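What follows is a short report on a single structure.
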Amino acid sequence: MHSYSSRIEGFHKQAPDDRLRLVAERTHLDAGSAAHFADTGNLPLETANRMIENVIGTMSIPVGVATNMIVDGRDLFVPMATEESSVVAAVCNAAKQARSGGGFVTSTTGSLMIAQIQLLDVSDPETARIKILERRDDIKAICDAKDPVLLKFGGGFHDLEVRIVDGARGPMVITHIIVDTRDAMGANAVNTMAEALAPSIAEWTGGRTLLRILSNLADRRLARARCTWKAEDIGGTAVRDGMVEAFQFADADPYRATTHNKGIMNGVTAVVLATGNDTRAVESGAHAYAARSGRYRSLSRWEVTKDGDLSGVLEMPLAVGLIGGATKVHPTAQACLKIMEIDSADRLARIVVSVGLAQNFAALRVLATTGVQKGHMSLHAQNIAIMAGAAGEEIDAVAKKLVARGTVRIDIAEEELKTLRG
Ligand code: MEV
C-alpha cells in the first residue's frame, strides 16, 4: 500500500483527464484502471464535467426494460437502471400476471412541493404565526415573482401553512410555502422562493429566519397505484393468503417493513435513476411517509377482494420532474423518457409508483412461496463459476452443474470446470 496526499491545489480547475492523471500518479493506479475511467460510455465527458465537481470519469449501471406493464390502460416498456439482479425480471413477471386484470390504475395529488422557512427568536410564536398567515397575498406575490415561467405553465404559489414546532431551545415558527412545480421536481423553484420570502417573514414578525429549504417529505405530491391480481393467475388462494400474511408482518414490524419497503424502492429507484431524477429525494420522502403514523410501516397495503382476488395498493410521495437536473442533460435519461412516451412529470410518477407496486407483489409472492434463494441461485452460480476461472460458454455449463448439485461453492465449481475441460 502506498501512502499519498489528497491535497492538490486547484484540483477543481483542472480538466477531467488532468485530474485523472493526477489521481492515477498519486495512487499508482495501473494504466488499465485509469483507461477504464476515461471510457465514459453514453455520458459525454463534457456533460459529466458540468454535472458535478472534480469529475474523473463515469460509472455505468445496467439499464433493463420491464415488459408487460399496463398503466392506466396504456401498455409500455419501463427502463430501469439498477445493479441488482432479479429486479427487472420481477417486475416483468408481476406485470404479466396483472394483465388479465387490466394492469395498474393510478392517481396523484398533483405536483405540490413544500419549502420550509425556520423562524427563531420570537417571544410570541402564536402571534407571529397569525401575522404570517395574514400576509398570504404578499407571500403569493413574492413567490410568484420569482418564477414567471412556472406561472406561465400553470404552476406557482398554491398554499400557505404555518406551524409552531417545539425545539430544544424553545418554539420555532415554521412557514410552509406550498408551490405547484408542474413538470419540475421543484427543488430549485421552491428554494428560490423560500430564500426570497425569508427577509419579509423576519420583518413582519421581528424574529430571525435561518433555514430556507424544501422538504423531501413531499406529502402534497403523492402518487397512488392499485392493481388486482386474479387468484388463479398467481398460483391460487393459498399463495394469495400467504402474500396478505406477509404484508401483515411488514405492517406490524419495522424490521420487516424496512425490507418490504426496500423491495418497493428496488423498482421505484431504478426508474427514478433511469430518468435522471433524484433518487435520494424520493427515498427519504418514501421512508418518512412510511413512518407518518409515528411507527414505521408498510408503504403498500394488500387485501382480498370480494371475488377472492388479490388487491394491492401503494401510495407514496413521488417528487420527480422532467425539466432540470440530470433528466435534462443526461442523454440516456432523455432516451428512457422517450421509450415511456412521457409527456408530463405526473405520468412519470404514475409509472414509477406502479413499478413499485409490481416489485412489491413479486417480492411478496416469492417470499410467501419458494423463498428468494432459489431464483438467485443461477446468477450466483454464474458468479462462482467465473470466480473459479470459467470463461465464455464454460460459465453457463459450470453454473448449471452447481445448481443441479444444489451446492454453489467455489471448490465444487473448480472441480466441475476441471471435468469440463477434460
Ligand atoms: C431484495 O432486494 C428485496 C426483498 O428483500 C424485498 C422483500 O423482502 O420484500 C426481496
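Keep in mind that what you see is a predicted model, and the values were worked out from it rather than measured. Below, all heavy atoms of this structure are taken into account, side chains as well, without hydrogens, waters or symmetry copies. Every number for a ligand or one of its atoms is a count from 1 in the order of the listing.
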Nearest non-hydrogen partners of [X] and [Y], listed with the distance:
X    : Y    : value
M69  : A95  : SD-CB, 3.5 Å
A24  : A34  : CB-CB, 4.4 Å
V398 : A385 : CG1-CB, 3.7 Å

Numbering as shown, the atoms of ligand 1 that approach [X] to under 4.0 Å (heavy-atom distance):
X    : value
L367 : 7 (C), 8 (O), 9 (O)
H260 : 9 (O)
K262 : 1 (C), 2 (O)

Taking [atom] as the reference point, the nearest protein heavy atom with its distance:
atom                   : result
atom 5 (O) of ligand 1 : T259 CG2, 3.5 Å
atom 8 (O) of ligand 1 : R256 NH1, 2.8 Å
atom 1 (C) of ligand 1 : E84 OE2, 3.5 Å
atom 3 (C) of ligand 1 : N266 ND2, 3.5 Å

Worksheet item: Between W302 and F361, how do the two ring planes meet: parallel, tilted or perpendicular, split at 30° and 60°?
Response: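 Ring orientation, 0 to 90° scale: tilted.
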Worksheet item: Any Lys/Arg nitrogen of E161 or R220 sitting under 4.0 Å from an Asp/Glu carboxylate oxygen of the other?
Response: yes
Practice prompt. Considering only NZ, NE, NH1 and NH2 on the basic side and carboxylate oxygens on the acidic side, decide whether R21 and E25 come within less than 4.0 Å.
Written response: yes
Item to complete: Measure L364 to ligand 1 on non-hydrogen atoms and call it side chain, backbone, both or neither using the 4.0 Å cut-off.
Response: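 Contact part for L364 vs ligand 1: neither.
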